[in-house]
A.B. asks: 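Before anything else, here's the structure in question.
All figures in this text were calculated on a predicted structure; none of them were measured in a lab. Convention: sequence-line order gives letters A, B, ...; per-chain numbering from 1.
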Number of protein chains: 2
Amino acid sequence: MTMNVRTLCLGILSLHEATGYEIRKMVEEGTFSHFIDASYGSIYPALAQLLKEGLVSVRTETAETGRPPRKVYTITRQGCAALEAALATDPARDKFKSEFLFQMLFMDRIDPAQLALTYDAYIAEQEAELARISCQSEELPADHPGARFVNDFGRTVLSAIITFLKQRREEMMEAFATSGKDGSATSGACRTAQTIRNQTIREEEE
Amino acid sequence: MTMNVRTLCLGILSLHEATGYEIRKMVEEGTFSHFIDASYGSIYPALAQLLKEGLVSVRTETAETGRPPRKVYTITRQGCAALEAALATDPARDKFKSEFLFQMLFMDRIDPAQLALTYDAYIAEQEAELARISCQSEELPADHPGARFVNDFGRTVLSAIITFLKQRREEMMEAFATSGKDGSATSGACRTAQTIRNQTIREEEE
DNA sequence: GTGTACATGTAAAGTGTTACATGATTTC
DNA sequence: GAAATCATGTAACACTTTACATGTACAC
C-alpha cells in the first residue's frame, strides 16, 4: 500500500467533503494525528493532482468577504474505487521515528539536569496527547467502527508509555545522581563531556 | 534536534567503530530498529560527509580476498562534541506512520476475509518483533543504561499493542460478520464496494 | 548451482517540509 | 495593536528510497 498524502486525502474525503485547510486540521488535531502527518505543502498539490485524475471533484464557495474562496473537494466514484484498491493491498510496515528515544539511548552523555527536563517534558507531551484523544473519543460517531478502534489503540499505547516512563523515572535519575562511580561507562570510544560533567556534579555537591 | 542519518551514524560510532555495512545492520536488526531507519543510500553519503567535516576518521582494512576493502569509521573528538551538542537540544516530536492503522480506520471498506488476514499478519509481526528484541535484551551490556531503557520501552509498547489487538479481534470480526444490517455506515459520501460486498457475503451465507 | 552474506558506492526519482506570498477577520 | 484563524498556493530545499553497478565466498 502506498499511504502517501494522496491516499490520505481520499480517505478523509470518503468520510465527508472538505477543503485543503480542513484536511490539514484533521491530520493535525483529529483522529488521524497519531499515525499520520501532512502539511499544506503536500496536501494542496495532492488535491490538485487528484482533481486532474478525476478522483475528486471540486466546488468553489466564493465568500462575500475578502477571503480567498473555499475550494470544497468531494470524492468521486473513481476516487472511491482507488481508495478501496489501496485499502486492499498489504500495509507497509509501521515507521516510528523518535528523537526522544534516540536521546535516551545515549542518556549517559546528557547532562542529568537536562535529561530530567527532557524526560518530564516528554511525559507531559504524552499525557496531553492522551487527554486530547480521550476527549475526542466521546464525540466519535457510533457508526464509524474504524475511528473508535484507532482511538482506543492510541489510548492504549499512550497509557502504556506513560506508565512505563513514570515507573522508570526515579530509578533512572538515581542512577545518574549516584554516578560518582563514573568511568564504568561505555567502551571508551569517546568519553569527553561525560567525564567533565561528573566532575562538575561532584563540585556542586560539595 | 536534527536526528538525521548523520547524527545516527555519530551515535552508533560513539559506541564503537563500524563500517557503513555494519551501521545498516544495526539499524535494521539492532537496538535501534524500533525508532530509526536508514538505508545504504543515506548512510554511505552521510559517512562521506562526516569524514569531510572531520567528525569521523576512517581506516581501510584491505582484505586479501577479492572483497571490497572494509572502511572502518571511528568517531573523532569533534564528532563526539557534535553528537553531544545534538543530544543537548530538544528532541522533535515523535513521528509514527502506520498504514495498518490507516486501513483499520477504514475497516468498513475492506473485505472481511482480507481484513482478518491483515489483522492477524500484523499481530504476528508485532509478536515477532517483540520476540526479537526480548532476545536482544539478554545480551545487552550491563554498562549501557540507555540501551536497556530503550529496549524495555519497546517491549512495553509492543506488549500493550499485542494485548489490545488480541482483545479486540473477536469483537471486531463479529461486527463485520453480522453486518447484514448494512447501510448504517458512513455519511454516504461514497458507498460502493461495501454495499456490493455485503450482498456477496449474504449470498455466500445462503 | 542458487541464494545469502559481505561490502561499497552512485544516480534518479519520489516525497515531503519549510518558508514565502497574500490578505481579511476576529479575539485578546 | 498583536496574534490567531481562515484560506490558498508555490518554490526551494532536504531527505530518503529504489534501483543499479560490481564482485567474492560460503552454505545448502
Side-chain angles (χ1 to χ4, degrees), chain A residues 1-10 17-30 32-33 35-52 56 58-73 86 92-97 99 102, chain B residues 1-10 17-30 32-33 35-52 56 58-73 86 92-97 99 102:
Chain A
M1 175 178 182
T2 19
M3 195 192 69
N4 43 22
V5 179
R6 273 169 59 86
T7 318
L8 168 66
C9 288
L10 284 180
E17 53 176 34
T19 66
Y21 188 83
E22 286 163 353
I23 292 176
R24 164 67 196 171
K25 289 298 147 191
M26 291 183 76
V27 300
E28 197 185 349
E29 303 158 359
F32 306 87
S33 53
F35 58 94
I36 269 174
D37 205 22
S39 55
Y40 292 125
S42 54
I43 291 171
Y44 284 118
L47 287 172
Q49 207 202 325
L50 290 170
L51 185 65
K52 206 165 59 185
V56 302
V58 74
R59 157 169 56 87
T60 307
E61 288 180 359
T62 316
E64 330 72 42
T65 68
R67 282 192 191 155
R70 303 175 78 225
K71 293 174 80 170
V72 185
Y73 290 90
R93 297 198 63 184
D94 291 348
K95 274 179 195 170
F96 178 54
K97 259 198 175 182
E99 295 197 354
F102 182 79
Chain B
M1 176 176 180
T2 18
M3 196 192 67
N4 43 21
V5 180
R6 274 169 58 86
T7 317
L8 169 65
C9 289
L10 285 178
E17 52 175 36
T19 66
Y21 188 82
E22 285 163 353
I23 291 176
R24 165 69 197 171
K25 288 298 144 190
M26 291 182 76
V27 300
E28 197 184 348
E29 302 158 0
F32 306 88
S33 52
F35 57 95
I36 268 172
D37 205 24
S39 55
Y40 292 126
S42 54
I43 290 171
Y44 284 119
L47 287 171
Q49 206 204 325
L50 289 171
L51 185 65
K52 207 164 60 184
V56 303
V58 74
R59 158 171 54 88
T60 306
E61 287 182 359
T62 316
E64 330 73 44
T65 69
R67 283 193 191 155
R70 304 175 76 225
K71 294 173 81 170
V72 184
Y73 291 89
R93 297 198 63 184
D94 292 349
K95 274 178 194 168
F96 178 53
K97 258 196 178 181
E99 295 197 354
F102 182 78

A.B. asks: Do any side-chain nitrogens or oxygens of A:K97 fall under 4.0 Å of OP1 or OP2 in D:dT16?
C.D. replies: yes

A.B. asks: From C:dA7, D:dG9, D:dT10, pick the nucleotide closest to the side chain of A:P45?
C.D. replies: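 Given the options C:dA7, D:dG9, D:dT10, the side chain of A:P45 is closest to D:dT10.
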
A.B. asks: Side chains of residues 41-50 of chain B: which donor-acceptor partners sit under 3.5 Å, not counting sequence neighbours?
C.D. replies:
unit_1: B:S42; atom_1: OG; unit_2: B:S39; atom_2: N; d: 3.4
unit_1: B:S42; atom_1: OG; unit_2: B:S39; atom_2: O; d: 3.0
unit_1: B:Q49; atom_1: NE2; unit_2: B:E53; atom_2: OE2; d: 2.6

A.B. asks: Which one, C:dT10, C:dA5, D:dG9, comes nearest to the side chain of A:Y73?
C.D. replies: D:dG9

A.B. asks: Please report the distance, rounded to the nearest Å, between CD1 in A:I23 and C1' in D:dC6.
C.D. replies: 15 Å

A.B. asks: Measuring to OP1 and OP2 of D:dC15, would you say a side-chain N or O of B:S42 lies under 4.0 angstrom away?
C.D. replies: no

A.B. asks: Would you please confirm or rule out a distance under 4.0 Å between OP1 or OP2 of D:dA7 and any side-chain N or O of A:K25?
C.D. replies: no

A.B. asks: Rounding to an integer number of Å, can you tell me how far B:R24 CZ sits from D:dT18 C1'?
C.D. replies: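 Those two atoms, CZ and C1', are 12 Å apart.
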
A.B. asks: Round to a whole Å and report the spacing from CG of A:D37 to P of C:dT15.
C.D. replies: 17 Å

A.B. asks: My understanding is that only residues two or more places apart in sequence, or in another chain, count here; which of them pass side chain to side chain contact (heavy atoms under 4.5 Å, CB included) with B:K71?
C.D. replies: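 B:K71 satisfies side chain to side chain contact (heavy atoms under 4.5 Å, CB included) with B:V58, B:T60, B:Y73 once adjacent residues are dropped.
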
A.B. asks: Does the distance from a Lys or Arg side-chain N to an Asp or Glu carboxylate O, for B:K97 and B:E99, drop under 4.0 Å?
C.D. replies: no

A.B. asks: My understanding is that only residues two or more places apart in sequence, or in another chain, count here; which of them pass side chain to side chain donor-acceptor pair (under 3.5 Å) with B:T19?
C.D. replies: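 If we apply the side chain to side chain donor-acceptor pair (under 3.5 Å) test to B:T19, skipping adjacent residues, there are no hits.
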
A.B. asks: Between C:dG9 atom C1' and B:K52 atom NZ, what is the distance in whole Å?
C.D. replies: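 Computing the B:K52:NZ to C:dG9:C1' distance gives 15 Å.
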
A.B. asks: With a 4.0 Å cutoff (strictly under), does any side-chain N or O of A:Y21 reach OP1 or OP2 of D:dC6?
C.D. replies: yes

A.B. asks: Should A:T19 be listed as having a side-chain N or O under 4.0 Å from OP1 or OP2 of D:dT8?
C.D. replies: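 It does, given that an N or O in the side chain of A:T19 lies less than 4.0 Å from OP1 or OP2 of D:dT8.
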
A.B. asks: Need one value for A:A38: base, sugar-phosphate or nothing, where a base atom within 4.0 Å counts as base even if backbone is also close, heavy atoms only.
C.D. replies: sugar-phosphate

A.B. asks: For the residue pair A:I23 and A:A18, what are the closest heavy atoms and their distance?
C.D. replies: CG1-CB, 4.1 Å

A.B. asks: Please state how far atom CD in B:E28 lies from atom C1' in C:dT4, giving the value in whole angstrom units.
C.D. replies: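 Distance, rounded to whole Å: 13 Å.
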
A.B. asks: Applying salt bridge (Lys or Arg N to Asp or Glu O under 4.0 Å), name anything that partners A:K25, two or more places apart in sequence or on another chain.
C.D. replies: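 Salt bridge (Lys or Arg N to Asp or Glu O under 4.0 Å) list for A:K25, sorted by chain: A:E28.
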
A.B. asks: If you assign each of A:V5 and B:K71 to its closest nucleotide in DNA chain C, which residue comes earlier from the 5' end?
C.D. replies: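 Looking at DNA chain C, the more 5' nearest nucleotide goes with B:K71.
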
A.B. asks: Between the two ends of the helix from C:dG1-D:dC28 to C:dC28-D:dG1, what is the bend in degrees, rounded to 10 degrees, where each end axis spans five pairs?
C.D. replies: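 That helix has its two terminal axes inclined by roughly 50°.
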
A.B. asks: Output the rounded distance in Å from CD (B:E99) to C1' (C:dT15).
C.D. replies: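 In whole Å, C:dT15 C1' lies 13 Å from B:E99 CD.
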
A.B. asks: Hey, is the side chain of A:Y44 poking within less than 4.0 Å of OP1 or OP2 on D:dT8, counting only N and O atoms?
C.D. replies: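 For A:Y44, the contact criterion (side-chain N or O under 4.0 Å from OP1 or OP2 of D:dT8) is met.
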
A.B. asks: What class does the angle between the rings of B:F96 and A:F96 fall in, given that below 30° is parallel, 30 to 60° is tilted and above 60° is perpendicular?
C.D. replies: perpendicular

A.B. asks: What's the CZ-P distance between A:R70 and D:dT5, to the nearest Å?
C.D. replies: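 Computing the A:R70:CZ to D:dT5:P distance gives 17 Å.
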
A.B. asks: Roughly, in whole Å, what's the span from CD1 in B:I43 to P in C:dA7?
C.D. replies: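 Distance check: B:I43 CD1 to C:dA7 P gives 14 Å.
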
A.B. asks: Using the side chain to side chain donor-acceptor pair (under 3.5 Å) criterion, which residues pair with A:E29? Sequence neighbours excluded.
C.D. replies: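 Per chain and number, A:E29 pairs via side chain to side chain donor-acceptor pair (under 3.5 Å) with no residue.
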
